[in-house]
Amino acid sequence: MTNKEIAKTLLEMSVLLDMEEVPFKPRAYEKAALEIESLGEEVKDIYKKDGIKGLMEIPSVGQGIAEHIESLLQKKTFAEYEKYKKKYPVDIAELTSVQGVGPKMIKTLWQKLKIKNLSDLEKVAKAGKIRKLEHFGEKSEQKILKGIEFLKKSGGRQILGFILPEIRQFEKIIQGFPEVEKAVVAGSVRRKKETIGDIDFLAISSKPDGVMDRFVALPQVATVLAKGETKTSVKLKNGLDADLRVVPAESFGAALNYFTGSKDHNIALREIAIKKGLKLNEYGLFKGKKQIAGKTEEDLYEALGLKYIEPELREMTGEIEASREGKLPKLIGYGDLKGDLQVQTNWTDGENSIEEMAKAAKELGMEYILITDHTRGLAMTGGADEKKLLEQMKKIDEINKGGKFGHFKILKGAEVNIKKDGSLDIADEVLKKLDIVGAAVHSHFNLPRAEQTKRLIRAIENPHVDIIFHLSGRIINRREAIELDIDEIIKTAKKTGTILEIDAFPDRLDIKDEYVRKCVEAGVKMSISSDAHSVSHFKVLEFGIAQARRGWAEKKDVINAWPAEKMLKMLK
Ligand code: DGT
Ligand code: CA
Ligand code: CA
Ligand code: ZN
């Protein structure tokens with residue numbers, strides 16, 4: 001079983017336990033599933049090497065879940081899971097992918113209407129049968145139909161950050177083929193889009209036959225869709241398609257450029273070539289029959305009279321003109337962050353202690369973190385009230401004074417809850433004492449645009465609020481963004497010196513690239529934070545940086561690309 005399959009089964013198990021109203025256990029399964037989904041290493045290999053003990057070293061995996069994973073690896077199932085699946089023979093992954101459909105609902109829908117999957121659900125919802133169920137009503141029926149619509153729109157695209165570790169491993173395997181001189185991943189993966197439709201690999205080889213034979217024989221491949229001399233397409237067991245193209249070394253730059261896209265960017269380049277009396281395709285830039293560029297991407301752009309354009313910018317949003325005029329931004333780099341400004345701990349719903357989070361961040365080369373546990377509005381996370389926050393501040397002071405972390409700084413913060421009217425759920429006297437205050441929306445996602453905008457503006461105007469966390473509240477493929485007048489928000493952020501966060505968690509990436517660009521243009525500063533709930537989550541910062549780059553952000557636009565002292569001066 002792949003990590004993805006194991007994670008999916010554990011997640012299903014959490015839903016089944018929720019349906020049975022078993023306390024606590026569902027969350028444990030859910031956490032384990034999330035960890036495994038984003039693990040850089042195959043669980044199968046960990047087990048082969050270190051057995052159950054190795055499994056238990058995966059964050060959030062205890063003895064019980066480790067044993068279930070062992071059974072999954074050996075028999076593709078485990079006893080407890082089988083028992084529940086007999087009782088509820090429904091497609092849980094499919095049903096829970098509909099926004100607003102949760103365990104309790106799935107249980108009732110099965111018991112009362114024998115609904116097993118998405119198409120059953122759509123049928124009964126359209127037939128008006130759901131509104132007749134007890135505790136449901138017309139509103140839930142409408143919501144389900146809307147959820148199904150939304151799901152169809154997302155079109156089976158997968159979230160890049162969840163699947164990139166797997167893609168990188170795959171890339172390494174192809175690089176290891178004896179016939180392959182060089183191999184890379186191109187397409188939307190290289191442009192670091194939020195979601196990807198498929199995976200595009202490109203390899204250099206003078207023996208393409210041998211490469212293709214090895215590629216289709218890989219254990220990750222479910223079916224071969226097309227196999228040719230230069231291009232092969234397969235369906236992978238993880239549900240995605242993968243294309244592999246093989247080109248000779250002298251065409252590598254041109255092919256990389258072509259298969260990186262975007263398509264519109266390619267077309268624009270080809271038109272520039274035509275205007276110069278040249279021909280551009282995936283094999284090179286040609287003058288008549290003679291190749292004049294395309295061994296590398298750099299020489300290709302240069303021959304077209306352009307400065308090199310980073311993959312994240314290749315979306316036809318002005319990058320060609322900017323390149324021609326020498327006005328491309330000097331993008332923030334993947335190694336540029338000095339600290340993380342949204343970190344949860346086991347004081348609320350995080351997995352690890354303040355010290356553990358600090359140690360992990362320090363080991364990754366950071367200079368500071370801001371501790372931002374939830375506040376009381378989020379009761380289910382054990383959200384802090386004023387008293388608990390004051391206690392935590394005292395604890396952080398003690399740790400900092402203790403000197404255990406040297407120059408590394410633990411800053412005092414919170415993820416304060418924005419109430420329906422835009423006021424906060426923590427008193428000003430306490431907010432004042434924090435180093436940095438983050439505020440976020442966690443409820444009332446469906447307010448009308450004008451009211452929602454007013455609510456956020458009130459929070460932004462609060463003199464204690466430094467950063468708005470995950471502004472739009474969207475969860476990619478699961479929850480739509482709240483409705484906002486973004487230009488009003490950005491104007492108010494500028495006026496008040498409030499920071500807008502780029503939450504790097506792969507299914508948030510909130511604010512999105514388009515809004516990042518607006519912030520850059522308006523001179524509104526941003527922060528890039530992991531929203532880490534465990535020590536293993538800091539690695540998602542990469543996706544936040546990608547998002548910032550896709551929005552043309554430079555180091556100067558991102559406050560936590562700077563040392564603590566300078567960063568603190570950039571706040572209200
Ligand atoms: P995706 O897979 O939907 O996330 O997005 P991409 O950008 O990876 O698109 P994909 O996989 O269909 O194609 C990979 C690249 O190949 C694409 O970014 C540009 C290039 N490409 C594909 N089809 C065409 C085409 O018809 N014309 C041109 N000029 N380029 C194309
Ligand atoms: Ca693609
Ligand atoms: Ca493709
Ligand atoms: Zn949380």
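Both ligands and their constituent atoms are indexed starting at 1 by order of listing.
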Ligand 1 contact on Val189 by region, counting heavy-atom pairs under 4.0 Å: neither
Interfacing atoms of ligand 1 (cut-off 4.0 Å, heavy-atom, Ile196): 4 (O)
Closest non-hydrogen atom pair, Gln547 against Lys512: NE2-CA, 3.2 Å
Flag, side chain of Ser323 to backbone of Lys307, donor-acceptor distance under 3.5 Å: yes
His265 heavy atom under 4.0 Å from ligand 1: no
Asn266 N/O under 3.5 Å from ligand 1 N/O: yes
Side chain to side chain contact (heavy atoms under 4.5 Å, CB included) against Glu94, all qualifying residues, sequence neighbours excluded: Asp91, Asn117, Leu118
Side-chain donor/acceptor pairs under 3.5 Å, residues 179-189, sequence neighbours excluded:
unit_1, atom_1, unit_2, atom_2, d
Glu179, OE1, Arg214, NE, 2.8
Glu179, OE2, Arg214, NE, 3.3
Glu179, OE2, Arg214, NH2, 3.1

Polar proximity ligand 1 side, Gly197 side, N/O cut 3.5 Å exclusive: yes
For Gly187, the ligand 1 atoms whose distance to one of its heavy atoms is below 4.0 Å: 8 (O)
Test of proximity, Ser262 against ligand 1: N or O pairs below 3.5 Å: no
Any N or O of Thr195 closer than 3.5 Å to N or O of ligand 1: no
Atoms in ligand 1 flagged as close to Arg191, the criterion being non-hydrogen separation under 4.0 Å: 7 (O), 18 (O)
Close-contact set for ligand 1 against Thr260 heavy atoms, below 4.0 Å: 18 (O)
Which of the ligand 1 atoms, numbered from 1, are nearer than 4.0 Å to a heavy atom of Asp198: 2 (O), 11 (O)
Atoms of ligand 1, numbered as shown, that sit under 4.0 Å from any heavy atom of Arg157: 1 (P), 3 (O), 4 (O)
Side chain to side chain, Thr9 and Tyr81, heavy atoms closer than 4.5 Å: yes
Opening angle at the Ca ion (ligand 2) [OD1, Asp198; OD2, Asp200; to 10 degrees]: 100°
Region of Lys193 that comes within reach of ligand 1 [heavy atoms, distance under 4.0 Å]: neither
Location of contacts on Asp200 toward ligand 1, heavy atoms closer than 4.0 Å: side chain
N/O/S from Asp243 sitting under 3.0 Å away from the Ca ion (ligand 2): no
Close aromatic pair by centroid cut-off 6.0 Å: Phe505 and His470: no
Lys8 NZ: over 12 foreign heavy atoms closer than 6.0 Å: no
Main-chain N/O of His444 paired to Gln452 side chain as donor or acceptor, under 3.5 Å: yes
Atoms in ligand 1 with a heavy atom of Arg270 nearer than 4.0 Å: 29 (N)
N-O pairing of Glu310 and Arg549 below 4.0 Å: yes
Main-chain N/O of Ala242 paired with Asp198 side-chain donor or acceptor, under 3.5 Å: no
Check: Thr372/Gln344 side-chain N/O donor and acceptor closer than 3.5 Å: yes
